[in-house]
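For ligands, and for the atoms within them, numbers begin at 1 and follow the listed sequence. The shown structure was predicted, so the numbers you read here are calculated from the model rather than taken from an experiment.
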Amino acid sequence: MSTEPATVYLSDYTSPAYLVDEVALDFELGDEETLVYSRLQVHRAGHTAPGSPLVLDGEDLALEALAIDDRPLDATEFDVDERSLTLAGVPERFTLSVTTRLRPQDNTRLEGLYRSGGMFCTQCEAEGFRRITYFPDRPDVMARYTVTITADRGACPILLSNGNPVGSGELDDGRHWVRWHDPFPKPSYLFALVAGDLHCHEDRHTTPSGRDIRLAIYTEHANAGRTAHAMRSLKAAMAWDERTYGLECDLDNYLVVAVGDFNMGAMENKGLNIFNTQYILARPDVATDADYTNIEAVIGHEYFHNWTGNRVTLRDWFQLSLKEGLTVFREQQFSADRGAPAVRRIQEVRTLRAAQFPEDASPMAHPVRPGAYAEINNFYTATVYMKGAEVIRMYHTLLGQEGFRRGLDLYFRRHDGQAVTCEDFLAAMADANDVDLGQFARWYNQSGTPVMRVSDEYDPADGRLTLTVTQETAPTADQPDKAPLHIPLAIGLVGADGADLPVRLAGETDAPAPGTRVLDVREPEQRFVVEGLTERPVPSLLRGFSAPVRLDYDYTDEQLAFLFANDSDAFNRWEAGQRLATRILLRWVENGVGEVPATFVDAFRETLNDTAADPALVAEALTLPGEGFIAEQMAVIEVDAIHEAREHLRAALARALAADLRTVYTRNAVDGPYRPEAEDMGRRRLRNVALDYLATVEDDALARCLAHYREADNMTDTMAALALLADRPDAEAEAALEAFAERWRDDPLVLDKWFRVQALSRREDAFERVRALAAHPAFDPRNPNRLRSLIGAFCQGNAVRFHRADGAGYTFLADWVIELDGMNPQVAARLAKTLSRWRRYDPRRSEAMRAALERIEARPALSKDVGEVVARSLERSEDHHNG
Ligand code: 7MF
Ligand code: ZN
């Protein structure tokens with residue numbers, strides 16, 4: 001094993017030796033250099049022996065001065081290394097002054113203090129604060145911050161930090177200053193600073209208790225006029241949390257800033273959320289329906305963190321899902337309440353299966369609460385976020401909304417202002433509802449996707465249906481042994497007329513109303529007996545996807561077609577269609593493509609022509625399972641065969657249903673001005689799905705795509721057409737792409753879309769085009785959005801072109817990982833994860849992927865981020881990472 005980075009273990013947690021009560025930070029922002037003066041009020045924790053050293057975190061810092069109680073320290077009184085500053089003998093209580101010098105304009109990692117365009121901004125989660133000053137940079141050290149920012153008034157008229165403005169003034173050299181005070185003690189990861197020449201969109205919100213809050217969204221001036229949807233979303237999120245959980249905003253100022261260079265989606269800094277521009281800016285001609293929906297969700301997410309993350313924060317980074325799983329779940333509830341709940345659920349499960357299930361089956365597998373890490377940034381994963389949200393959803397399913405609310409109320413009553421653990425959350429849920437969640441706790445510590453097998457036996461003589469349920473979790477890369485989990489299994493029994501039957505379990509006297517019941521599965525094998533039936537029902541299992549498991553039941557094609565047409569659970573209706581399609585695709589992958597079974601064509605036709613159905617749900621039902629999902633079902637992934645099978649099915653359905661698709665296309669045109677409402681979005685979605693099918697067969701497909709492109713009066717339709725044009729070699733298609741680039745040359749977010757459609761193109765020469773686009777003058781790999789829209793989209797979203805048999809895609813990716821690692825390790829590591837799944841492919845591809853990983857591994861001075869991903873990926877299966 002080569003240079004594997006040092007590992008941090010959950011089991012090694014110790015509480016902080018010294019605590020910080022107050023922090024005063026002075027920033028002298030400059031074009032060349034920025035000076036940071038920090039004054040910390042420090043005291044020794046009760047459990048710490050007198051004379052124990054004080055160890056502060058700090059990375060890549062130029063230390064200018066250090067003093068205790070204003071007495072400057074000389075070099076013999078402290079030790080500095082690459083990661084820390086140690087002071088040997090410190091008093092019980094003292095003021096520590098630290099001066100550091102930074103060069104934000106050279107910070108390409110986008111962690112700590114950096115520049116984006118003309119703006120100064122920060123990103124401190126998880127461990128970015130230590131790149132600003134020496135500090136105990138861990139979430140269980142909570143302090144009150146006062147921040148003074150000084151800068152040139154012309155370049156930076158706006159100076160922002162957390163909390164409330166408490167002072168400001170002019171200086172003689174064209175500079176000015178503003179002072180902010182945040183009354184809430186907070187961990188350093190929630191600190192934020194923004195300075196620049198910014199436009200401000202202001203509004204107000206009054207809470208039920210009468211607090212009048214100033215809301216402000218700051219953007220670069222060029223983006224003024226694109227913040228209305230974000231503001232509307234923020235107000236909706238505030239009202240929703242008041243209504244649903246009785247949670248009010250605790251601030252006088254709630255500030256949001258949009259930044260063009262940002263490693264991730266957004267950040268919940270106390271009172272000063274910072275967002276990737278992608279999740280703030282919208283206007284019908286530049287943003288798609290998906291953008292509008294994402295903006296609302298991300299605004300909600302960051303706002304909801306103010307309670308779940310900020311008021312109650314994390315003891316340590318292993319607990320990350322405590323805030324992220326819970327906040328994603330709250331955001332999902334909010335989004336569902338804003339419209340189209342079934343569509344939302346389908347999309348959530350689709351992403352979970354596309355991103356989290358593969359992670360659980362990869363060398364990067366880890367529990368919702370990991371036990372060990374080298375670089376915490378590598379653990380902002382689908383498992384922590386999405387599976388973490390599914391774990392919270394299971395509490396909700398087991399306890400109901402009222403029980404869940406009782407648990408959340410108790411959690412806040414007990415832990416407001418504290419830094420806590422996942423156990424504390426579980427205990428609040430259990431205690432508030434007087435239930436035993438001991439076995440449920442395993443969801444936090446056990447990785448892997450459980451397989452749940454259900455079989456049934458019907459006895460017509462006494463009207464009993466016996467369901468036998470087994471569960472099994474296969475060993476994962478990180479954990480060989482698995483224990484049975486407590487799984488809520490939501491089921492319904494569907495009668496021959498398509499209606500739900502009552503599910504009365506043996507021993508119960510009262511028949512419940514027909515509909516969904518939740519069964520508590522706890523054993524490796526368990527039986528449930530349903531009584532009082534007069535016919536053999538079709539079981540509808542795991543309704544609403546009640547647990548993050550793979551469900552296995554031996555359905556016939558006819559039963560699936562029946563559920564696809566009748567299930568009262570919209571999610572399972574969709575799921576039945578996906579199972580039918582998956583079955584056909586897997587058969588074709590194995591045996592070569594063939595005829596589409598008539599049951600399937602008929603089921604699709606009925607759905608297409610069901611004018612009473614919600615168009616959004618019809619669109620979901622008509623969307624075939626993704627290539628990644630099919631790949632997940634296979635022992636050895638056959639990239640080309642999967643692509644061929646799926647394209648063949650798409651074309652065959654289009655030919656068989658061309659007339660119906662044309663009708664649907666015509667019928668779902670949306671009149672009137674663009675509205676980002678669920679109803680209109682559903683119709684656009686269905687119409688664009690129909691177009692996607694029609695583009696595969698018709699003689700006039702090109703003309704139809706061009707017409708759709710020309711007639712589009714919103715970015716959703718424009719991009720649907722442009723994506724199809726980008727699949728084609730025609731001169732008209734090329735011309736449209738070129739004109740699009742010209743028209744939007746000064747609009748970064750729109751240009752990202754232009755790069756993306758080409759990266760995802762089905763064209764055979766997509767790889768060559770991506771390589772050429774990487775040399776385009778507008779391609780800047782230092783901008784994470786741009787990087788993801790070309791390199792990320794190609795390597796992670798265009799399987800058939802990326803996984804070329806000659807391995808050129810892997811070489812390309814490895815070259816980029818190496819180049820980016822010196823620039824932005826977080827982004828490089830995310831890209832490198834694509835290669836971690838190398839063992840799943842055929843020997844030729846597998847070898848080429850491994851060689852690419854080994855080439856990265858051999859580079860000198862790899863970052864911790866990439867180093868950990870590569871080391872884990874190449875690890876022999878007998879080594880395990882257990883905390
Ligand atoms: C919605 O979680 C869902 C997830 C960390 C950064 C935002 O609020 C956050 C931050 C990463 C990955 C995904 C998300 C975030 C981060 C995110 C955003 C919106 N605390 Br890394
Ligand atoms: Zn979050």
Side-chain angles (χ1 to χ4, degrees), residues 109-111 121-129 139 162 186-192 230 233-234 237 241 256-259 261-280 290-314 317 319-336 338 344 347-348 351-352 355-356 359 364 368 370 373 375-390 392-393 784-785 788 792 824-831 833 865 869:
R109 304 172 62 105
L110 314 187
E111 296 172 74
C121 64
T122 55
Q123 174 54 37
C124 292
E125 188 179 1
E127 298 180 332
F129 193 73
N162 318 81
K186 65 170 175 286
S188 48
Y189 83 88
L190 291 174
F191 163 79
S233 301
L234 177 57
D241 220 13
V256 167
V257 182
V259 176
D261 300 273
F262 205 68
N263 279 347
M264 38 230 211
M267 182 60 212
E268 70 267 24
N269 316 301
K270 186 79 183 185
L272 179 53
N273 291 179
I274 300 182
F275 282 65
N276 189 320
T277 43
Q278 192 184 356
Y279 296 115
I280 291 289
D291 293 326
Y292 277 86
T293 305
N294 290 338
I295 288 166
E296 188 174 79
V298 178
I299 286 267
H301 181 99
E302 304 312 331
Y303 176 72
F304 301 141
H305 265 317
N306 192 47
W307 279 95
T308 51
N310 300 3
R311 286 289 286 256
V312 182
T313 194
L314 312 177
W317 290 114
Q319 318 299 327
L320 180 59
S321 196
L322 173 66
K323 73 178 175 80
E324 296 305 344
L326 177 54
T327 303
V328 171
F329 176 69
R330 276 155 49 68
E331 158 214 325
Q332 289 177 351
Q333 284 191 304
F334 166 62
S335 296
R338 300 286 292 162
R344 298 298 310 212
Q347 287 167 352
E348 285 155 18
T351 0
L352 183 84
Q356 199 279 323
E359 190 167 84
M364 295 300 295
V368 164
Y373 62 76
E375 172 53 65
I376 185 58
N377 287 319
N378 286 332
F379 288 83
Y380 284 70
T381 59
T383 299
V384 166
Y385 277 75
M386 295 179 202
K387 187 176 178 181
E390 294 300 320
I392 303 295
R393 183 179 294 271
N785 288 358
R788 283 188 284 257
N824 187 331
Q826 265 183 43
V827 169
R830 277 191 187 256
L831 207 55
K833 282 183 182 178
D865 310 57
V869 170

Check your understanding: Taking atom CG of Asn263 and atom CZ of Arg788, what is their separation to the nearest 0.5 Å?
Key -> 7.0 Å
Check your understanding: With the Zn ion (ligand 2) at the apex, how many degrees lie between NE2 of His301 and OE1 of Glu324, rounded to 10 degrees?
Key -> 110°
Practice item. Go through the structure and list residues passing side-chain contact (heavy atoms from CB on, under 4.5 Å) with Glu296, not counting sequence neighbours. Key: His229, Ser233, Phe334, Arg338
Exercise for review: Name all residues meeting the side-chain hydrogen bond (donor to acceptor under 3.5 Å, both in side chains) criterion together with Glu268; count only those two or more places apart in sequence or in a different chain, and write none if there are none.
Suggested key: Lys323
Exercise for review: Given side chain to side chain contact (heavy atoms under 4.5 Å, CB included), test Met364 with Thr381 step by step and report yes or no.
Suggested key: CA-CA 10 Å; Met364 295 300 295; Thr381 59; over 6 Å; no
Review point. Any sub-3.5 Å donor-acceptor pair from Asn377's side-chain atoms to Glu127's backbone N or O?
Key: no
I'd like a table of the close N/O pairs between ligand 1 and the protein (anything under 3.5 Å), one pair per line with both atom names and the distance.
from     : atom 1 : to     : atom 2 : distance (Å)
ligand 1 : 2 (O)  : His301 : NE2    : 3.3
ligand 1 : 2 (O)  : Glu324 : OE1    : 2.8
ligand 1 : 2 (O)  : Glu324 : OE2    : 3.0
ligand 1 : 2 (O)  : Tyr385 : OH     : 2.6
ligand 1 : 8 (O)  : Glu268 : OE1    : 3.1
ligand 1 : 8 (O)  : His301 : NE2    : 3.3
ligand 1 : 8 (O)  : Glu302 : OE1    : 2.8
ligand 1 : 8 (O)  : Glu302 : OE2    : 2.9
ligand 1 : 8 (O)  : His305 : NE2    : 3.3
ligand 1 : 20 (N) : Glu125 : OE1    : 2.6
ligand 1 : 20 (N) : Glu268 : OE1    : 2.6
ligand 1 : 20 (N) : Glu268 : OE2    : 3.3
ligand 1 : 20 (N) : Lys323 : NZ     : 3.3
ligand 1 : 20 (N) : Glu324 : OE2    : 3.0

Check your understanding: Which residues satisfy the side-chain contact (heavy atoms from CB on, under 4.5 Å) test with Ala192, sequence neighbours excluded?
Key -> Thr122, Asn162, Asn269, Leu272, Ile274
